[in-house]
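What you see below is based on every heavy atom in this structure, not just the backbone, and it leaves out hydrogens, waters and symmetry mates. In this text the structure is predicted, and so the values were computed from the model without any measurement.
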Amino acid sequence: MSFISKEGNEIKMYRTKTCGELTIKNVKEHVELAGWIQKIRDLGGMTFIDLRDEFGITQIVVNDEELKKFAKELHTESCIHIEGEVVERASKNPNMKTGDIEVVAQKIEVLGKCKNVLPFEINTDQEVREDLRLEYRFLDLRNEKLHNNILLRSKILKTIRDKMDELGFTEIQTPILANSSPEGARDYLVPSRLNPGEFYALPQAPQQFKQLLMVSGFNKYYQIAPCFRDEDPRADRAPGEFYQLDFEMSFATQEDVFKVIEEVVPYTFEKFTDWKVDKGPFVRIPYKEAMEKYGIDKPDLRNPLIIQDVTKLFENSDFNAFKDKTIKAIIVPNGAEQGRKFFDKMGEFATTDEVGAKGLAWTKLDNEGNVQGGIAKFITDDIKEKLEKDYGLEKNASIFFIADEFEKAQKIAGLVRIELGKRLDLIEKGVYKFCFIVDFPMYELSDEGTIDFSHNPFSMPQGGLEALENQNPLDVLAYQYDLVCNGYEMASGAVRNHDPEIMVKAFEIAGYSEEDVKNRFGALYNAFQYGTPPHAGAAPGIDRMIMLIADSQNIREVIAFPKNKRARDLLMRAPSVVTEQQLKDVHIKLDLDKK
């Protein structure tokens, strides 16, 4: 490592070793080190400094009287340079990479002072408010775990690029200043100074560009693409901007895309984890089946519990809460071992605003097969027999019931299944389980009751034009798919619609006229008139992939400079107010509500 330092008018150049590379073989060597003070211990007779850089920590011993006086003025997290001799430690530290040695300081120089009081302790297990950490992100990134996450990110990106190159993909960059396109979230708009009253949109995904590249004759395209979406943040979703491995292939089918994902994703995971990683081919689960069995389209297959529909069993039940409802059931093997408090707590969970159940019915079978507790009196011998014969209810099991209208019952059951898996510690550990969710519906009903695209508007409907013309739109399936890993959506993709006639009809069903298509997607509409090859692709989320590999629960922990939960950059203080002149330059006048 080399760096320069200015002493007075003199510029000095140092050549140093790193704090993590010294071993017993370096004993008696004269070395120079530079880094940050992690800890200072004044023991009277001598002073110890733990010096840290990106590569490790070395203990520095200060026993020279003048240097000890100098060391008393030093503060943790100051950046210093030291010269000294490597000696063998009398008391070795097996927990340190450099624990066999220490360096006796002969010279100490301050390269960069640090304030006496830090906003928070950096390398500590103590909880620190996240907004404070983000405000001082340059300090937060000195934390060993967080720092290593960013280094891991760099290595993963290189691995992905190397693998995509090996598979014959060409890396091509697409524009950031683009046009507005319906991609499922609000656009970030950028006003144009040269074209008054007109706006660019930051791309929610390079969707149209990658399809245009296929029309242009490129065989296989990819890029690590930045995407911008104005949507609410979550622990597993970065607000504002995120990155994805965007790729597309000409003359490709859904299976061709799956093969690429099954090659790239396990390869990347295996390189950076000692967990067990699913190999391809991954399990394929139709969307409808996923909703029926798991209540969600991103099921965590590490959780062994499944949801079953028991509506017919209770058609003649006297239990009023089940009347005229869809009834979902979750059977928990050995669940009868739980006490009443557990069932009450699950009921409290189900009736929270986030879950939305009106209640959570339950009962259980003891070791003799007797129905006990909860709604036991409504479980007739006939119902019990059918639950045992057709649904797998066994002795010492518990069973939870969710009753509501169909879609709501599915959703609530899905959340209850997830919570049961957590509370009962049923989630398989040390493994990454992948699956493809396939056969998504092409359309869905919006909150206003109109037909809208359910996934990607540029997808090919199964059955082509004939399906669009003759089927109920809500029954039309699309060649759309998601990759799911451990309960997280990790990639999304589709076989693309490359036929202009099918494209117009697909958008017409969603309320767009052909003129709308020409105006909003003119480039694609026009390009599709000039010999478009069939093509397909997908886009694994880079941030989420790294979050999973790093075994982190918070996506902001694998991004160098993330936004907070309100999409604010607290370090750079963005978004921020701009000057009146800047607004005039882009022909914008603010009309803020001053309540």
For K163 and E166, run salt bridge (charged side-chain N to carboxylate O under 4.0 Å, His left out): C-alpha distance rounded to whole Å, both residues' side-chain angles, the deciding distance at 0.1 Å, then the answer. CA-CA 5 Å; K163 193 64 177 177; E166 178 188 314; 3.1 Å; yes
Is there a salt bridge (charged side-chain N to carboxylate O under 4.0 Å, His left out) between K92 and E88 once you walk through the steps? CA-CA 8 Å; K92 294 182 171 57; E88 184 174 359; 2.7 Å; yes
Checking D50 against R41 for the salt bridge (charged side-chain N to carboxylate O under 4.0 Å, His left out) test, could you report, in this order, the C-alpha distance in whole Å, the side-chain angles of both residues, the deciding distance, and whether it holds? CA-CA 9 Å; D50 286 350; R41 303 184 301 284; 3.3 Å; yes
Output, in order, the C-alpha distance, side-chain angles, deciding distance and verdict of salt bridge (charged side-chain N to carboxylate O under 4.0 Å, His left out) for E77 and R52. CA-CA 9 Å; E77 294 306 320; R52 180 194 76 241; 2.9 Å; yes
Walk me through it: do Q480 and N456 pass the test side-chain hydrogen bond (donor to acceptor under 3.5 Å, both in side chains)? CA-CA 8 Å; Q480 298 170 335; N456 187 309; 5.8 Å; no
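Between P175 and F209 there is a side-chain heavy-atom pair separated by less than 4.5 Å. The shortest side-chain heavy-atom distance between I549 and T268 falls under the 4.5 Å cut-off. Side-chain contact between N26 and V31 is absent, with no heavy atoms from C-beta onward closer than 4.5 Å. Between I437 and V484, some side-chain heavy-atom pair lies under the 4.5 Å cut-off. For the pair R142/Q38, no side-chain contact is recorded, criterion being any heavy-atom separation below 4.5 Å from C-beta on. At a threshold of 4.5 Å between non-hydrogen side-chain atoms, the residues M545 and M490 count as touching. In this structure, the side chains of K39 and T76 stay at 4.5 Å or more apart for every pair of heavy atoms.
Between the side chain of N303 and the backbone N or O of R417 there is at least one donor-acceptor pair closer than 3.5 Å. A donor-acceptor pair is defined here as one N or O able to donate and one able to accept, closer than 3.5 Å; such a pair exists between the side chain of R153 and the backbone of V558. Judged purely by atom type and a 3.5 angstrom limit, R544 has no side-chain atom pairing as donor or acceptor with the backbone of I555. Using modelled atom types, one side-chain atom of D53 and one backbone atom of C19 make a donor-acceptor pair closer than 3.5 Å.
By the 6.0 Å contact criterion, CZ on F228 is enclosed, its count of non-hydrogen atoms from other residues, nucleotides or ligands being greater than 12. The local environment of CZ in F138 is crowded, with over 12 non-hydrogen atoms from other residues, nucleotides or ligands closer than 6.0 Å.
With H455 as reference, F440 is the one residue of Y287, F440, Y479 to meet the ring pair (Phe, Tyr, Trp, His ring centres under 6.0 Å) rule. Of the options E130, E241, E231, a salt bridge (charged side-chain N to carboxylate O under 4.0 Å, His left out) to K563 is made by E241 and by none of the others. Between Y432 and the choices F272, Y488, W275, the ring pair (Phe, Tyr, Trp, His ring centres under 6.0 Å) rule is met once, by W275.
In this structure, the separation between CG on D439 and CD1 on I285 is 11.5 Å, given to the nearest 0.5 Å. For the atom pair CZ (R237) and CG (D543), the distance works out to 12.5 Å, reported to the nearest 0.5 Å. Here the CD-CG distance, from E428 to L301, works out to 10.0 Å after rounding to the nearest 0.5 Å. Taken to the nearest 0.5 Å, the CE atom of M249 stands 9.0 Å off from the CG atom of N219. Here the CD1-CD1 distance, from I542 to I546, works out to 6.0 Å after rounding to the nearest 0.5 Å.
Taking 4.0 Å as the cut-off between side-chain N and carboxylate O, E557 and R133 count as a salt-bridged pair. We find that E135 and R129 are not joined by a salt bridge, their nearest charged nitrogen and carboxylate oxygen being 4.0 Å or further apart.
A centroid separation of 6.0 Å or more is found between the aromatic rings of Y481 and F282.
Side-chain polar atoms of D162 and T159 form no donor-acceptor pair below 3.5 angstrom. In the model, S492 has a side-chain atom that pairs as donor or acceptor with a side-chain atom of D482 under 3.5 Å.
Applying the ring pair (Phe, Tyr, Trp, His ring centres under 6.0 Å) rule to F218 yields no partners; only residues at least two apart in sequence or on another chain are considered. Residues passing the ring pair (Phe, Tyr, Trp, His ring centres under 6.0 Å) test with Y222, sequence neighbours excluded: none.
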